[in-house]
Amino acid sequence: MLRTDYRQYPTYLHGKIIHVALGFIAAGLGTVAVPAILEEEFTAITFLTLAASQFREVRNMERNTLTELDSYELVSRGKTYIEGVAIAFESRNYLVIFTSLVSTLGYLMFNIWVGIIAAVVAVLISKSLMSGGKLKEIVDIQFVEPRFDGVGLYVDNIYMMNIGLPVRQAEILRYGMGFILKPKDFNSRSTIANLGQRQAILHDVSTALGVYRDSGTPALVPLAKRDLDDGRIAVFVLPQERDAERAIEIIGDVPILENAIRMPSEKKKTKKGGE
Amino acid sequence: MDLEKYILAIITTNPKKVPAGAAVFHCDTKEEMENITANLEAILDGIAHALSDELYVIVKH
């Protein structure tokens with residue numbers, strides 16, 4: 001449930017303690033709810049609303065912290081990614097309530113074994129609810145060497161930016177890597193077009209492979225640009241470790257941000273059904 | 001209204017091509033122009049863009 005991975009979030013020790021404590025409170029609330037209902041103490045349910053507002057506060061807290069920190073990242077996470085993380089924290093607290101509620105119900109209605117089984121089932125359900133989609137499910141990723149056409153930097157045929165100085169151009173050719181993300185269908189085309197989703201890709205790649213950049217070198221900035229004709233996304237990064245295969249793997253593992261998902265094809269369907 | 005991008009400096013070897021209204025650096029040779037551009041890029045935290053062989057601008061993004 002609480003896992004510190006390559007994103008390095010929640011931060012080790014103190015950030016973790018906060019979330020473990022909140023998880024404990026959530027579990028307590030879920031447990032108390034069932035006996036309260038059984039005792040026909042319905043007013044106790046109002047505590048759950050209190051819990052809900054408490055966990056909304058968690059979401060605010062995460063959002064504020066991450067937004068504050070984001071300005072000091074070499075490659076920022078972006079607002080969409082931050083919102084995704086904040087939502088995940090809130091919803092996971094509700095999953096904790098749900099799990100404890102179901103297991104207490106099992107224990108009180110039947111016996112401890114049913115309680116344990118109910119807990120295991122609830123954890124499995126939570127696990128499946130927690131795992132979002134990965135980018136490799138919606139795009140094909142391909143490595144392309146970036147190139148210069150005059151002063152214009154290109155990845156495949158997608159124009160990235162104008163780099164004037166020959167020294168800077170040489171630097172970019174030496175460290176830069178380009179990737180083409182080809183959407184598998186029309187829905188994913190809109191999803192990866194989202195600027196927040198693109199920033200998330202750049203952030204994840206830069207976190208995992210390092211970034212050849214410092215403050216005051218805005219020319220060495222990772223970029224993601226879109227081909228207007230077919231919706232392909234060109235990703236240009238400057239990793240410290242030039243390993244194309246690993247980079248493709250990392251891009252493939254970037255989570256699809258909930259707030260970036262678009263389903264234009266659903267719109268067509270409902271229209272047909274409505275007529 | 002906030003301006004998101006603006007020209008911080010213009011570096012050129014051809015004085016005829018340069019508009020007024022920004023800091024302009026006239027240079028005699030291409031090498032000198034590239035040197036000054038590289039320095040200004042670092043100093044101003046902007047990106048050096050080439051508009052032509054004799055005209056560079058530093059833009060804040």
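Throughout, protein chains are lettered first and strands after them, A, B, ... in sequence-line order, and every chain is numbered starting at 1.
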Approximate separation, where rounding is to 0.5 Å, of B:I58 CD1 and A:L165 CG: 7.0 Å
Using the test ring-ring contact (aromatic ring centres under 6.0 Å, His included), find all partners of A:Y175 that sit at least two apart in sequence or belong to another chain. A:Y212
Just how far is it from atom CE of A:M161 to atom NE2 of B:H49, taken to the nearest 0.5 Å? 5.5 Å
Crowded around B:E4 CD? As in, over 12 foreign heavy atoms under 6.0 Å? no
Would you indicate whether A:E258, at its atom CD, is surrounded by more than 12 heavy atoms from other residues, nucleotides or ligands within a distance under 6.0 Å? no
Closest approach of B:G46 and A:P218, non-hydrogen atoms and distance? O-CG, 3.3 Å
Criterion side-chain contact (heavy atoms from CB on, under 4.5 Å) on B:E34 and A:V167, from CA distance to verdict: CA-CA 9 Å; B:E34 278 172 11; A:V167 199; 5.8 Å; no
Does A:T217 offer a backbone N or O that forms a donor-acceptor pair with the side chain of B:D45 under 3.5 Å? no
Might you confirm whether atom OH of A:Y159 has over 12 heavy atoms from other residues, nucleotides or ligands at distances under 6.0 Å? yes
Could you pull out the closest heavy-atom pair between A:G164 and B:Y56, with the gap in Å? O-OH, 3.3 Å
Mark yes when over 12 heavy atoms from residues, nucleotides or ligands other than A:E68 sit less than 6.0 Å from its CD; otherwise mark no. no
Whatever's closer than 4.5 Å to a heavy atom in chain B on A:V151 counts as side chain
Which atoms form the tightest heavy-atom contact between A:N162 and B:I47, and what is the distance? O-CG2, 4.3 Å
